[in-house]
Amino acid sequence: MPGEANPLQISRCVQLHHEAATQRGLKLFIGYDFREYVSITRVTPTKGPTFPNFRPDRSPIKSGEGFWMVAIDNNGKVAVLQAARLYDLSHSNLAEHLRSLKAFYADPTIHAHPEDSCICSAASAKKITGKVAYSGDLWVRRDFRGRGIPKILATITRRVMFAMWAPDFSCALVQRWTLDKGVYETAHQEPGGAKLQLVEEGILEDNWLTWRTGEELRELMDHSDQSETIFSS
């Protein structure tokens, strides 16, 4: 059964990757108040619209069911942002959650635009159920791209997810070019994750689905003592 995370092991892994970020001129911080997150993203130059599933005015996140990370450069400027949250899909699945727009809005009948839509054709999305940890809203400032930063954040995110929730699945929606360039390290990937249109948010994307099972997350924790390639990148 997934769970029973080793706090010392997780702390060590997070610290190692924090040091990897420090070597790249960044300081990492983790937060839990999404009102603060939105206040940061709103004034961050070149950052696109914050996805509504990370905005309390559109999709409130209960205490203990979400976190976000920000990386600050040596001048105190925001260089990297990412967020994660937990979905309870014990009576649903990811495909249904996306298509209904409940993945983005607490109440789509109130918050969604009439022309909003999400088409999810990835077959695996129907099998993703139970406690589902979702990460997204990744932004990396242009001058920090190509330095392996997304891999560092993804590794920390996975470990924090495992520590907080021991989910049945973790998943993300990503653009195809990020997979082609190896921006992320994924266990599974599939096209048709979400053809998404959110009119008022100014979001129009066609994303792939990436995911891991809870057992695969546990295996990552079990092998956390092994050296990771990102440190030498």
Side-chain angles (χ1 to χ4, degrees), residues 5 9-34 36-38 40-41 44-51 53-54 61 65-74 76-86 132-165 167 169-175 177-189 193 207-212 216-217 220-221 223-224 226-233:
Q9 185 184 45
I10 293 168
S11 177
R12 179 177 178 276
C13 292
V14 171
Q15 181 61 30
L16 283 172
H17 288 80
H18 184 280
E19 290 172 0
T22 300
Q23 293 171 6
R24 290 160 172 79
L26 295 172
K27 293 182 179 179
L28 288 176
F29 300 92
I30 295 180
Y32 303 94
D33 184 344
F34 278 83
E36 181 181 359
Y37 179 70
V38 171
I40 294 172
T41 63
T44 300
T46 75
K47 167 74 169 68
T50 298
F51 274 67
N53 43 339
F54 297 117
I61 299 175
E65 294 188 357
F67 65 91
W68 47 269
M69 290 186 290
V70 57
I72 307 298
D73 67 15
N74 292 328
K77 302 294 185 181
V78 174
V80 186
L81 290 160
Q82 188 176 33
R85 63 173 299 169
L86 182 69
V132 179
Y134 174 86
S135 60
D137 209 48
L138 174 66
W139 172 81
V140 180
R141 206 172 69 200
R142 182 176 296 276
D143 53 320
F144 278 92
R145 295 173 189 173
R147 302 191 191 182
I149 302 297
K151 290 182 181 179
I152 295 172
L153 258 67
T155 303
I156 296 177
T157 298
R158 288 194 296 266
R159 282 152 172 74
V160 176
M161 284 176 170
F162 185 85
M164 291 180 64
W165 307 318
F169 292 90
S170 67
C171 67
L173 297 171
V174 304
Q175 296 185 36
W177 70 265
T178 63
L179 298 173
D180 292 340
K181 290 193 173 183
V183 173
Y184 304 101
E185 293 177 340
T186 65
H188 310 283
Q189 58 190 51
N207 292 320
W208 280 50
L209 171 66
T210 67
W211 80 98
R212 278 183 169 85
E216 287 167 338
L217 281 175
L220 285 176
M221 294 303 302
H223 291 85
S224 61
Q226 298 179 6
S227 61
E228 305 239 10
T229 57
I230 64 173
F231 293 130
S232 61
S233 62

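With a 6.0 Å cutoff to the six-membered ring centre and a 45° limit on the axis angle, Arg147 counts as a cation-pi contact of Phe144.
To the nearest 0.5 Å, the span separating CZ on Phe34 from CD1 on Ile40 amounts to 11.0 Å. Rounding to the nearest 0.5 Å gives a distance of 5.0 Å between CE of Met161 and CZ of Phe67. A distance of 6.0 Å separates CG in Leu220 from CZ in Arg159, rounded to the nearest 0.5 Å. Here the OG1 atom belonging to Thr44 is positioned 10.5 Å from the NZ atom belonging to Lys77, to the nearest 0.5 angstrom. Note that CD of Glu185 is 7.5 Å distant from CZ of Arg212, once rounded to the nearest 0.5 Å. We find the CD1-CG distance between Ile61 and Asp33 to be 10.5 Å, quoted to the nearest 0.5 Å.
Looking at Thr46 and Trp139, their side chains come closer than 4.5 Å, going by heavy atoms from C-beta outward. Leu28 places a side-chain heavy atom less than 4.5 Å from the side chain of Leu153. Inter-residue side-chain proximity for Leu179 and Thr210 is flagged as met; some heavy-atom pair is nearer than 4.5 Å. Residues Asp137 and Trp68 form no side-chain contact, since every pair of their non-hydrogen atoms from C-beta on lies 4.5 Å or further apart. Side chains of Tyr37 and Phe54 form a contact here, defined as non-hydrogen atoms less than 4.5 Å apart. Side chains of Met164 and Leu86 form no contact here, defined as non-hydrogen atoms less than 4.5 Å apart. Within the 4.5 Å cutoff, the side chain of Leu26 has no heavy atoms near those of the Ile72 side chain. Contact check for Lys47 versus Val78: no side-chain heavy atoms found under the 4.5 Å cut-off.
In this structure, Arg145 contributes its side chain and Val140 its backbone to a donor-acceptor pair below 3.5 Å. Under a 3.5 Å cut-off, the side chain of Arg85 and the backbone N or O of Asn53 do form a donor-acceptor pair.
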Trace of the side-chain contact (heavy atoms from CB on, under 4.5 Å) decision for Thr178 with Trp208: CA-CA 10 Å; Thr178 63; Trp208 280 50; over 6 Å; no
Candidate pair Met69 and Val160, rule side-chain contact (heavy atoms from CB on, under 4.5 Å), full reasoning: CA-CA 11 Å; Met69 290 186 290; Val160 176; 5.7 Å; no
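A donor-acceptor contact under 3.5 angstrom links the side chains of Thr50 and Thr41, judged on distance only.
Contact between Ser135 and Ala172 at its shortest, heavy atoms only, is O-CB, 3.5 Å. Of all heavy-atom pairs between Cys171 and Leu209, the closest is CB-CD1, 4.2 Å.
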